[in-house]
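Take a look at the structure below.
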There are 4 protein chains.
Amino acid sequence: MSPRTTNQVKKIREERIEEIMNSALEVFAENGYLSSSISKVAQHAGISKGLLYNYFKSKDELVKEIIVKGLNSLIKDVKLHENITISEDQFVFFVHRSFKSIQSNLKFWKLYYNLIMQPPVLALIADDIWQYVMPFMNILINYYTKKGVENPEAEARALIAMLDGVGLDYISDPKNFPINEVEKIIIKKFK
Amino acid sequence: MSPRTTNQVKKIREERIEEIMNSALEVFAENGYLSSSISKVAQHAGISKGLLYNYFKSKDELVKEIIVKGLNSLIKDVKLHENITISEDQFVFFVHRSFKSIQSNLKFWKLYYNLIMQPPVLALIADDIWQYVMPFMNILINYYTKKGVENPEAEARALIAMLDGVGLDYISDPKNFPINEVEKIIIKKFK
Amino acid sequence: MSPRTTNQVKKIREERIEEIMNSALEVFAENGYLSSSISKVAQHAGISKGLLYNYFKSKDELVKEIIVKGLNSLIKDVKLHENITISEDQFVFFVHRSFKSIQSNLKFWKLYYNLIMQPPVLALIADDIWQYVMPFMNILINYYTKKGVENPEAEARALIAMLDGVGLDYISDPKNFPINEVEKIIIKKFK
Amino acid sequence: MSPRTTNQVKKIREERIEEIMNSALEVFAENGYLSSSISKVAQHAGISKGLLYNYFKSKDELVKEIIVKGLNSLIKDVKLHENITISEDQFVFFVHRSFKSIQSNLKFWKLYYNLIMQPPVLALIADDIWQYVMPFMNILINYYTKKGVENPEAEARALIAMLDGVGLDYISDPKNFPINEVEKIIIKKFK
DNA sequence: CATGAATGAGAGTTCATTCAT
DNA sequence: AATGAATGAACTCTCATTCAT
């Protein structure tokens, strides 16, 4: 019956935050950010609106933290953050991991595309996104420069657009989009 | 003193509808559909809220008419609606026209991608979009089948995703996206 | 091709006013006064809103004129306005005519009851109604006084309430209300 | 510091609902349903518009609950719901209670008659009303059948019309309507 | 005489956020 | 830590009325 230590309290708090974020992600992904009320989010998480504001100081902050967490997790997944030059195998691995991420984090990507398409909301996360995309871009430019293609930057931009388009189309219709076959085609064309 | 003729009235009506749709497109493209109030749209068009509702039954109907008009204009531009099989030249022409459309109708495409990423709003236009995409898809599958590629449907899906991705990335940063170079790369890879 | 005389013009105007009032009565009776927009009324009459305001200076004035016209017509029907004392036969005739009026002017009575139940609208016509009801009341009190009933005023009030109630119930469900049988019962009880 | 208990919250909620319904009844009875804005209702209740919507889904739902509550209260008052056949004493009691109800729930009846005379609003409550009126009707038909009157259904309809008419006339001018005398007359005539 | 484009005030409703408990 | 009552601003939409033509 000893009082909880500061650490215990902190851990409980973090777990609760985690739960709320996961729950909110589901609501946002399903209905879109702007169309999801805080009431719905709190209800889906099984808590009161008041308590939600105890953990997040606004709706915007809540979604921002969800996005930051998702991007960090993605960076960890594709394992590109350490290198500046990559081999062809690493390139293939990167593309493959990107495809896997879309499939295993469907809800996150639904929210992601929902947000970046809404200018006033995008403003909240634009910086975070650039911090994540820029290193990729540089690695890819580097990769294509070494391969000696005509216009490495355009080639990198094209690949990133390709991945964005796959994301967009896959989340719109995950059941029918032939994602594995499309992956093969892309690797063949862009390798 | 004499009342306006039917033709005069009709002309005023058509002009106003045109004005409102153009004005609304600008506001919607800039701020996103959900974040744009009818007040803002009316103000931007220089008219009262009430008058807007004289011409459009609802905000939803307004945006739907904008989208339908834009899609029809696109179909006319790419000139694919008559054929079922296309030559390589026609393919190149189609991709080229798609790229031109993105550049010349930037606002429309901003709105388009804004809408399809918002589940409750997408419902309004999903049918119209499918009516437009399906024929393209079939023509492309047909094209790749004739070319003898391994998986024509996946190849077609990949191309459409590619175009979607270019649209997405271009509208996010039109000044820096090397759209002409990317066009060349895509034509080379997907032709 | 001679220009129309002032009288012709006046007659045309009156006919038009008549048409509009009849048309408006239909709309008001069907949907209720407050729920009927001027647009609907004008559309149903086959004219423009502007023209309607040429004949009636407001929605309130339009409905007021409809009511006044209906009440005058009722007074003419029951033919009680000249007498102050009536015989039993005249009493029966009066009740009978009241019942006939309800049936033949169903729409008018629908509107009438709709209006008197809405305080802010009732204010428009309250005076007219009292001018019409008061003479009836006096005649009835006189009638019951001569018959030697215990409380002539209450008896008169009860009869008028009875007629009001029949009106109310009949217009609510004209097909099933046994109006002729009810008439017989009332005459027997109140004669 | 401690959060409110579930019971405290429930009590606040019930009290607020009661307050709002009473306050709304006053406003609706005074001005009519359609002419009463939610702003007015909230203001009269001393709360914000937003809070009203915390307790009632819509203006329509609010008025519907007021009507249902009033009808239930009436059913309890006249105590007819258990029997199918009634004695003359019970009949007199029923009429008497109906008269008492009109006097003690004047505002409710003002609203009631206001609503049933407005076609689009009547639709909201028509079912509830029929559920209440039908049993009365059957009991009365039964009563008059046993008494051996010529046309029991018409007799019952006439009585109900009579009561409706009294209601109508009493609420229009409660101070001058001789309700107690009228009650005696009706009981004598319809018993 | 006749039109309907145009307005502006106000309607019902939603919702992020605050705060007493 | 936890609740949901409470607010107020902003939202979409309606409509009686006016007025240029």
Side-chain angles (χ1 to χ4, degrees), chain A residues 4 9 12-13 16 34-43 47-62, chain B residues 1-6 8-10 12-13 15-16 34-42 46-62, chain C residues 4 9 12-13 16 34-43 47-62, chain D residues 1-6 8-10 12-13 15-16 34-42 46-62:
Chain A
R4 276 178 288 219
V9 168
I12 290 175
R13 190 177 169 86
R16 193 59 90 93
L34 290 175
S35 302
S36 302
S37 69
I38 285 287
S39 281
K40 285 251 179 66
V41 170
Q43 198 178 344
I47 61 171
S48 69
K49 277 183 289 181
L51 187 54
L52 195 151
Y53 277 88
N54 193 323
Y55 293 111
F56 301 91
K57 72 171 189 284
S58 70
K59 192 186 176 191
D60 284 352
E61 206 212 45
L62 168 58
Chain B
M1 284 300 175
S2 59
R4 275 181 284 236
T5 65
T6 308
Q8 279 175 315
V9 165
K10 199 175 158 193
I12 289 176
R13 200 172 171 83
E15 282 171 7
R16 268 280 181 271
L34 290 177
S35 301
S36 302
S37 70
I38 285 289
S39 283
K40 288 250 181 66
V41 171
I47 60 170
S48 67
K49 271 186 296 177
L51 185 56
L52 194 152
Y53 280 92
N54 198 331
Y55 295 109
F56 299 92
K57 277 210 302 281
S58 66
K59 193 187 177 190
D60 282 353
E61 207 214 41
L62 169 58
Chain C
R4 277 176 288 218
V9 168
I12 290 175
R13 190 176 169 86
R16 194 58 92 92
L34 290 174
S35 302
S36 302
S37 69
I38 285 287
S39 282
K40 285 250 179 67
V41 170
Q43 198 177 345
I47 61 171
S48 69
K49 275 182 292 180
L51 187 54
L52 196 152
Y53 276 89
N54 193 323
Y55 293 111
F56 301 91
K57 72 171 190 284
S58 70
K59 191 188 178 191
D60 283 353
E61 206 212 44
L62 168 57
Chain D
M1 286 299 174
S2 59
R4 275 183 283 236
T5 65
T6 308
Q8 278 174 317
V9 165
K10 198 176 159 193
I12 289 176
R13 199 171 172 85
E15 282 171 6
R16 268 281 181 270
L34 290 176
S35 301
S36 302
S37 70
I38 285 290
S39 284
K40 288 251 182 64
V41 171
I47 60 170
S48 67
K49 271 189 295 179
L51 184 55
L52 195 151
Y53 281 91
N54 198 331
Y55 295 109
F56 299 92
K57 278 210 301 280
S58 67
K59 193 188 177 189
D60 283 353
E61 206 212 42
L62 169 58

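Everything numeric here is computed off the predicted structure, so don't read it as measured data.
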Report the distance from atom [atom1] of [X] to atom [atom2] of [N], rounded to the nearest whole Å.
X	N	atom1	atom2	result
I12(B)	dT21(F)	CD1	C1'	8 Å
Q43(C)	dC15(F)	CD	P	12 Å
R16(C)	dC1(E)	CZ	P	9 Å

*Gap separating the OH atom of Y53(D) from the CD1 atom of I47(D), nearest 0.5 angstrom*: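 Y53(D) OH to I47(D) CD1: 11.0 Å, rounded to 0.5 Å.
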
*asked:* Measuring from atom NZ of K59(B) to atom CG of L34(B), what distance do you get when rounded to the nearest 0.5 angstrom?
replied: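 Rounded to the nearest 0.5 Å, the NZ-CG separation comes to 6.0 Å.
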
*Does S35(D) offer a backbone N or O that forms a donor-acceptor pair with the side chain of K40(D) under 3.5 Å?*
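Pair absent, no side-chain N/O of K40(D) close to backbone of S35(D).
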
_Phosphate-side-chain proximity, R13(D) and dA5(F), N/O vs OP1/OP2 below 4.0 Å_ =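 Affirmative; the distance criterion is met.
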
_Side-chain heavy-atom pair R16(B), N54(B) within 4.5 angstrom cut-off_ =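 In short, these two side chains do not touch, never coming nearer than 4.5 Å.
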
For the student: nearest non-hydrogen atoms of [X] and [Y], plus distance:
X	Y	result
E61(D)	F56(D)	OE1-CA, 3.6 Å
L52(C)	L62(C)	CD2-CD2, 4.3 Å
I38(C)	K49(C)	CG2-CG, 3.9 Å

*Along nucleotides 7-14 of chain E, 5' to 3', which nucleotides get a B, which get an S, and which get a -, given that the test is a protein heavy-atom distance under 4.0 Å?*
BB-BSSBB

_Please compare S35(A) and Y55(B) by the position of their nearest nucleotide in DNA chain E and report the one closer to 5'._
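Its nearest nucleotide lies further toward 5', so the answer is Y55(B).
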
*Scan F56(C) against the nucleic acid and name what it touches under 4.0 Å (heavy atoms): base, sugar-phosphate only, or nothing.*
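Nothing, no heavy atom under 4.0 Å.
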
*Return yes when atom CD of Q43(A) has more than 12 non-hydrogen atoms of other residues, nucleotides or ligands closer than 6.0 Å, and no otherwise.*
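It does not: Q43(A) CD has 12 such atoms or fewer within range.
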
*How would DNA chain E look in dot-bracket form, 5' to 3', counting Watson-Crick and G-U wobble pairs with both distances under 3.5 Å and writing | for bases paired to another strand?*
.||||||||||||||||||||

